Amino acid sequence: MSSLDQQDAAPGPRLYGNWRSERGWGIGSLSTTSTIILFLAVLVPLLAVSALPSAALPLLGVCAITVAAVFVRVGGTSGLDIVLRRVRFHRARAAGWTELSAGVLTEHPRAADLPGVLAPLRPLDIDDGRGGRHALLWHRRNGTLTAVLRCSPIGLDLADPEHADRWVASWGVLLADLGYVPLTRHLAVTVDTAPAGGTTVRDHIAGALDPSAPELSRRILTELAELTPATTAETDTRVSICLDPARATPRPADLLAAAVEVGRRLPAIENQLAACGVAVLGRATTGWLTGRIRAAFEPHLRPELARLSESNAVMAWSEAGPVAASERWDVYRHEGGLSVSWALREAPRQAVGSGVLGPLLSPGPFPRRTTWLYQPYPADQAAAKVEAELTSGQVRRAWAERTRRDETQRERDDRARALQSAREEARGAGVGRFTVYVTTTVLHDDDLPAAIADVEQRAGQSKLRLRRLRGAQAAGFAASLGIGIDPADLLTHRHHR
């Protein structure tokens with residue numbers, strides 16, 4: 001749950017904050033689910049003493065282990081969550097779901113599918129109504145359609161503070177408006193960076209240089225190309241909007257009607273992005289998306305893929321994925337390298353400036369993708385959500401008073417933030433859930449410790465606390481691509497297969 005806090009004090013840089021996670025009701029720092037498990041662990045042995053005395057002692061042992069698993073935390077995660085994640089991962093590995101082994105001679109009707117949770121994605125080539133074409137990524141499992149916008153953000157280094165504040169405010173308005181678009185599943189912003197040799201710039205100049213240009217012009221450009229640093233960086237920014245046509249009224253009759261319905265929603269979002277300091281370069285095509293996905297799996301092919309993109313060469317969707325991939329407990333090995341993914345564990349506790357994510361988003365020595373994923377609550381449910389959080393805070397305070405336990409400062413601060421969120425929602429702010437996925441990729445196994453340290457250091461400088469996605473590396477890799485994959489949404493639809 002997030003909200004925007006604009007300070008009224010004139011002096012000093014403008015700061016933003018007041019993020020808090022949705023907690024529900026629970027004892028102390030326990031969640032609602034953990035509290036229910038705790039009550040059951042205490043209640044079941046007591047009932048067994050009177051109903052089935054012979055089973056009371058074994059049940060007491062099982063419940064004691066369960067209580068310990070709920071309370072013991074490792075790296076911010078409860079022991080129970082770790083055990084459940086281990087069981088799920090080993091079950092998936094035993095079923096062969098963590099391995100992909102394709103090949104150029106594979107004869108299979110689904111051979112063109114991407115690995116893992118990316119498999120249901122299929123691109124649709126759609127007329128954009130402006131004389132061009134663009135792609136919608138159709139998720140065949142849950143029916144969502146995702147449009148990817150190629151963007152170029154305006155940097156903050158040379159911008160006036162007033163302009164930066166206006167862009168942040170416009171971004172808040174955009175997020176609030178998403179609550180009034182019932183089709184919206186989520187919006188994701190992805191910043192993809194990778195080191196690039198200076199040859200990329202020199203190749204571009206060499207390819208664009210007109211042989212009939214004046215000799216002086218050619219000599220100046222040649223000298224400038226030679227002065228290009230040996231190491232440069234490639235940065236790609238994209239915004240993806242995942243929409244669910246099934247939520248439209250009336251519901252589209254077929255896939256074509258659903259694509260038309262989604263196409264009607266995109267221009268408004270594109271126009272609002274311009275007010276947020278983001279220039280929309282255009283909607284992504286199938287070939288462009290194929291190149292970006294292939295570059296994620298095989299980062300050493302980035303220069304060649306960039307040349308194909310410049311020459312408008314169209315890659316087939318079957319070429320997007322790797323030939324082989326293997327998910328391990330804490331890494332994801334694919335054809336062109338080794339990747340590690342993280343998810344957001346905790347947002348900044350303090351107010352931060354508009355450039356706080358600069359260290360995490362700026363290029364580094366290894367390819368890295370950072371995806372901020374926002375899921376808005378419908379406007380008609382936002383008020384109930386913030387009121388429920390207020391009530392939960394009062395329940396926790398009443399429990400502390402009943403048990404004669406002093407409230408901690410963190411609990412008081414949490415109630416204050418919940419109250420501030422309710423006030424901002426009443427003034428028109430949007431309410432939603434957001435998370436961050438980060439993936440770094442190395443070409444050689446020996447570089448992995450340095451890449452991990454680089455990401456964790458940058459996250460700390462950006463005031464973020466990340467959690468390594470052990471047991472879900474493939475899902476984290478897919479979510480950080482920013483092409484319509486939300487792991488939380490996949491869990492919701494798991495039982496509807």
Side-chain angles (χ1 to χ4, degrees), residues 114 118 121 123 134-135 137 146-157 187-201 203-204 231-242 269-270 273-274 276-315 317 319-321 334 336-337 339 341 357-373 436-443 451 454-455 458 476-485:
L114 294 173
L118 293 169
L121 289 181
H134 74 104
L137 292 173
T146 301
V148 179
L149 306 179
R150 301 167 54 195
C151 297
S152 177
I154 301 173
L156 294 174
D157 294 339
L187 179 145
V189 181
T190 301
V191 178
D192 190 347
T193 65
T199 53
T200 302
V201 178
D203 290 346
H204 176 75
T231 301
T232 58
E234 177 186 346
T235 302
D236 173 52
T237 304
R238 49 187 180 264
V239 176
S240 61
I241 304 102
C242 181
I269 298 176
E270 291 172 331
L273 283 174
C276 302
V278 178
V280 179
L281 304 178
R283 300 176 188 175
T285 61
T286 301
W288 190 89
L289 286 171
T290 303
R292 289 300 180 276
I293 297 172
R294 182 63 180 271
F297 282 108
E298 297 191 63
H300 60 278
L301 293 181
R302 277 179 176 270
E304 287 77 7
L305 294 171
R307 293 189 189 99
L308 288 175
S309 179
E310 290 177 357
S311 62
N312 295 323
V314 178
M315 294 182 62
W317 183 251
E319 300 175 3
H334 41 87
S339 294
S341 298
L357 292 180
L360 188 61
L361 303 182
S362 59
F366 305 101
R368 176 174 8 95
R369 294 189 309 278
T370 303
T371 294
W372 179 88
L373 193 148
V436 176
Y437 294 98
V438 182
T439 295
T440 186
T441 301
V442 296
L443 302 181
D454 179 64
V455 170
R458 290 172 182 272
F477 184 94
S480 67
L481 287 171
I483 53 175
I485 298 297

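Counting begins at 1 with the first residue of the sequence. Since this is a predicted model, take the numbers as computed values, not measurements.
The structure places CG of Leu114 at 6.5 Å from CD1 of Ile483, a figure rounded to the nearest 0.5 Å. Atom CD of Glu319 and atom CD1 of Ile293 lie 12.5 Å apart (nearest 0.5 Å). Between Leu361 atom CG and Trp372 atom CH2 the span is 12.5 Å, to the nearest 0.5 Å. To the nearest 0.5 Å, atom CG of residue Leu481 and atom CZ of residue Arg238 are 6.5 Å apart. From Leu273, atom CG reaches atom CD1 of Ile241 across 6.5 Å, with rounding to the nearest 0.5 Å.
Of all the heavy atoms in Ser362 and Pro359, the pair that sits closest is OG-O, 3.2 Å. Contact record, Thr441 with Pro299: CG2-CG, 3.8 Å, taken as the closest heavy-atom pair. Pairing each heavy atom of Arg368 with each of Leu360, the nearest pair is NH1-O, 2.5 Å. Between Val442 and Ala451 the shortest heavy-atom distance is CG1-CB, 3.4 Å. Among all heavy-atom pairs drawn from Phe366 and Thr440, the shortest one is CB-OG1, 3.9 Å. When all heavy atoms are compared, the tightest approach of Pro195 to Pro367 is CD-N, 3.8 Å.
With sequence neighbours excluded, the residues satisfying salt bridge (charged side-chain N to carboxylate O under 4.0 Å, His left out) with Arg458 are Asp454. By the side chain to side chain donor-acceptor pair (under 3.5 Å) test, Thr190 pairs with Thr371, sequence neighbours left out. Qualifying salt bridge (charged side-chain N to carboxylate O under 4.0 Å, His left out) partners for Glu270, counting only residues two or more places apart in sequence or in other chains: Arg130, Arg283.
Listed for the Ser240 side chain is a donor-acceptor partner under 3.5 Å among the backbone atoms of Gly482.
Exactly one of Arg292, Arg369, Arg150, Arg302 qualifies for a salt bridge (charged side-chain N to carboxylate O under 4.0 Å, His left out) with Asp192. That residue is Arg302.
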CA sep, side-chain torsions, deciding dist, call: Trp288, Asp236, side-chain contact (heavy atoms from CB on, under 4.5 Å): CA-CA 12 Å; Trp288 190 89; Asp236 173 52; 3.5 Å; yes
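In this pair, Phe297 and His334 present their aromatic rings perpendicular. The plane angle is above 60°, beyond the 30 to 60° band.
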